[in-house]
Protein chains: 2
Amino acid sequence: MADRLTPRAREIVTAARDLLEESGAARLTMRTLADRLGIKAPSLYKHFPDKQAVEVELVAQLLTETAETLEAAEARAPGSLEALAGAYRDHALAHPHLYRLATERPLPRAELPAGLEDRAALPLLRACAGDMDLARAVWAFAHGMVVLEIHGRFPADAELDAAWKRGLTALQR
Amino acid sequence: MADRLTPRAREIVTAARDLLEESGAARLTMRTLADRLGIKAPSLYKHFPDKQAVEVELVAQLLTETAETLEAAEARAPGSLEALAGAYRDHALAHPHLYRLATERPLPRAELPAGLEDRAALPLLRACAGDMDLARAVWAFAHGMVVLEIHGRFPADAELDAAWKRGLTALQR
DNA sequence: ACAGATGGCTAACGCTGTTAGCCAGACCGT
DNA sequence: ACGGTCTGGCTAACAGCGTTAGCCATCTGT
């Protein structure tokens with residue numbers, strides 16, 4: 001997962017990640033990113049062809065971490081949809097800007113490490129015993145909950161734990 | 001619902017809507033919008049304080065149309081979650097750029113017509129017999145399905161009708 | 001010791017949202 | 001009928017955005 005990037009490029013992605021998580025996508029600009037690294041914006045283009053290429057690495061980070069998170073949850077509680085959903089939710093809400101960046105545009109599939117998308121999906125598919133329709137429904141539910149939560153679309157006093165539980169037990173079987 | 005805007009402002013919003021649906025949010029700029037109206041960009045600021053204020057009107061349009069769509073579905077098939085979900089999905093997929101614009105940022109609640117958000121939510125709440133947790137779960141599921149569909153996150157050969165049905169029947173009771 | 005690659009730099013372009021300031025015409029009160 | 005205000009255009013300009021071109025120092029390999 002590592003050597004698709006030179007060391008310097010990896011430093012840039014790290015700075016980009018920090019910047020994104022601190023200040024959101026709107027403030028992740030080539031100039032502020034360069035500033036943080038003590039260089040000028042055009043120098044970034046020695047390491048990445050364009051801004052999108054940097055963002056692709058961040059998307060890959062989210063996918064990788066999601067896969068790891070789900071695999072860990074699966075190891076802890078095999079076959080449990082609640083465990084998967086809880087892990088997914090916690091990771092997403094811990095990194096809302098990253099989640100939005102990775103989620104609010106079409107996936108740059110061609111530029112992503114091969115197999116990564118599938119790897120992130122596998123634990124859920126296993127928990128659904130191979131029922132793809134169910135897996136997609138659960139995924140949509142979880143993604144919907146997370147993104148509505150991130151955007152503050154639910155009333156402030158909404159009992160979201162209850163809504164998660166309600167949805168998951170219903171989808172359970 | 002109409003006289004919160006002057007006639008000229010309404011013309012501007014109409015042009016913005018057309019532009020958005022034709023070309024997506026990235027090409028909805030103050031200059032292209034002005035072009036379409038035969039004026040220059042700075043003149044737009046005689047009618048709206050900033051670009052966001054124009055976008056808020058588009059968000060209000062989506063909410064209004066969603067409310068109308070759901071109310072019509074409810075009238076056609078009272079109490080049917082499937083009918084509501086189908087109407088929601090159809091409207092969203094018919095206007096993907098508008099749906100994204102209205103959905104991929106925090107709701108500008110303060111600038112929206114009073115009661116509009118609630119009105120859009122009511123049909124679903126009625127179909128859920130007042131069970132708020134269930135209503136939120138269904139909403140999250142539907143939103144998740146729509147947005148994943150719009151962004152092409154499902155495999156091209158995915159049987160999305162089946163996933164919708166699977167989710168809805170599970171949530172049904 | 002020289003060649004080429006690496007990774008900085010400045011200057012600049014075209015695009016974005018937005019502001020300031022000017023001006024023509026419509027409308028209104030005396 | 002005249003003067004004042006409001007309306008809604010305009011041009012010029014600014015700062016910030018992603019990005020390109022072109023220059024140059026330093027480091028690496030033969």
Side-chain angles (χ1 to χ4, degrees), chain A residues 2-60 97-98 100-102 104-106 108 110-111, chain B residues 2-60 97-98 100-102 104-106 108 110-111:
Chain A
D3 52 338
R4 48 193 257 116
L5 295 181
T6 67
R8 188 53 167 156
R10 236 166 331 205
E11 288 178 26
I12 293 174
V13 172
T14 300
R17 170 84 182 247
D18 291 346
L19 204 49
L20 174 67
E21 301 232 4
E22 288 168 21
S23 319
R27 282 193 172 69
L28 175 55
T29 74
M30 296 303 266
R31 282 173 175 88
T32 61
L33 176 55
D35 268 7
R36 168 157 310 214
L37 290 155
I39 61 178
K40 304 295 176 181
S43 303
L44 294 171
Y45 292 83
K46 299 290 178 165
H47 305 276
F48 291 92
D50 50 31
K51 186 186 180 185
Q52 232 210 79
V54 180
E55 293 175 340
V56 164
E57 294 305 316
L58 297 178
V59 174
H97 294 302
L98 179 62
R100 289 190 53 185
L101 183 78
E104 292 183 352
R105 64 202 87 240
E111 343 293 337
Chain B
D3 51 341
R4 48 192 257 116
L5 294 182
T6 66
R8 187 53 167 154
R10 232 161 335 193
E11 288 179 26
I12 293 175
V13 172
T14 300
R17 168 84 182 247
D18 292 346
L19 204 49
L20 174 67
E21 302 231 3
E22 288 167 21
S23 320
R27 283 196 170 68
L28 175 56
T29 75
M30 296 302 265
R31 282 174 174 85
T32 59
L33 176 55
D35 268 5
R36 170 158 307 215
L37 291 154
I39 62 179
K40 303 296 175 178
S43 303
L44 295 171
Y45 293 81
K46 300 289 180 167
H47 305 276
F48 292 92
D50 50 31
K51 187 186 180 187
Q52 231 210 75
V54 180
E55 293 176 340
V56 163
E57 294 306 315
L58 297 178
V59 174
H97 294 302
L98 179 61
R100 290 190 52 184
L101 182 79
E104 291 184 353
R105 67 202 85 239
E111 344 293 337

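Naming: A, B, ... by sequence-line order, numbering from 1 per chain. The figures here come from the full heavy-atom set of this structure, side chains too, leaving out hydrogens, waters and symmetry mates.
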- Task: Please state how far atom CD in A/E11 lies from atom C1' in C/dG7, giving the value in whole angstrom units.
- Result: 12 Å
- Query: How close or far is atom P of C/dG8 from atom CZ of A/R8, stated in whole angstroms?
  - Reply: 5 Å
- Hits for side-chain contact (heavy atoms from CB on, under 4.5 Å) against B/R31, two or more places apart or cross-chain, chain-then-number order -> B/T29, B/A41
- Task: Quickly work out the B/R10 CZ to D/dG8 P distance and round it to whole Å.
- Result: 13 Å
- B/A16 and B/L58 have their tightest heavy-atom pair at CB-CD1, 4.3 Å
- Not counting sequence neighbours, which residues clear side-chain contact (heavy atoms from CB on, under 4.5 Å) with B/E55? List them please. B/K51, B/Q52, B/L101
- Message: If you assign each of B/K40 and A/K51 to its closest nucleotide in DNA chain D, which residue comes earlier from the 5' end?
- Response: B/K40
- Query: Do A/S43 side-chain atoms and A/A34 backbone N/O form a donor-acceptor pair below 3.5 Å?
  - Reply: no
- For atom CG of A/L37 and atom P of C/dG8, their distance in whole Å: 9 Å
- Query: If every non-hydrogen atom of B/D50 is compared with every non-hydrogen atom of B/Y45, which pair is closest and at what distance?
  - Reply: CA-CE2, 3.9 Å
- Message: Would you say that more than 12 heavy atoms from the other residues, nucleotides or ligands in this model lie under 6.0 Å from the CZ of B/R105, or not?
- Response: yes
- Item | Contact residues, residues 22-35 of chain A to DNA chain D [heavy atom, < 4.0 Å] | A/L28, A/T29, A/M30, A/R31
- Note on the structure: Applying side-chain contact (heavy atoms from CB on, under 4.5 Å) to B/R8 and not counting sequence neighbours gives B/T6, B/E11, B/L37, B/I39, B/H47
- Close approaches to DNA chain C from residues 41-50 of chain A, in residue order (heavy atom, under 4.0 Å): A/P42, A/S43, A/K46, A/H47
- Query: Excluding sequence neighbours, so at least two apart, what forms side-chain contact (heavy atoms from CB on, under 4.5 Å) with B/R36?
  - Reply: B/A15, B/D18, B/L19, B/E22
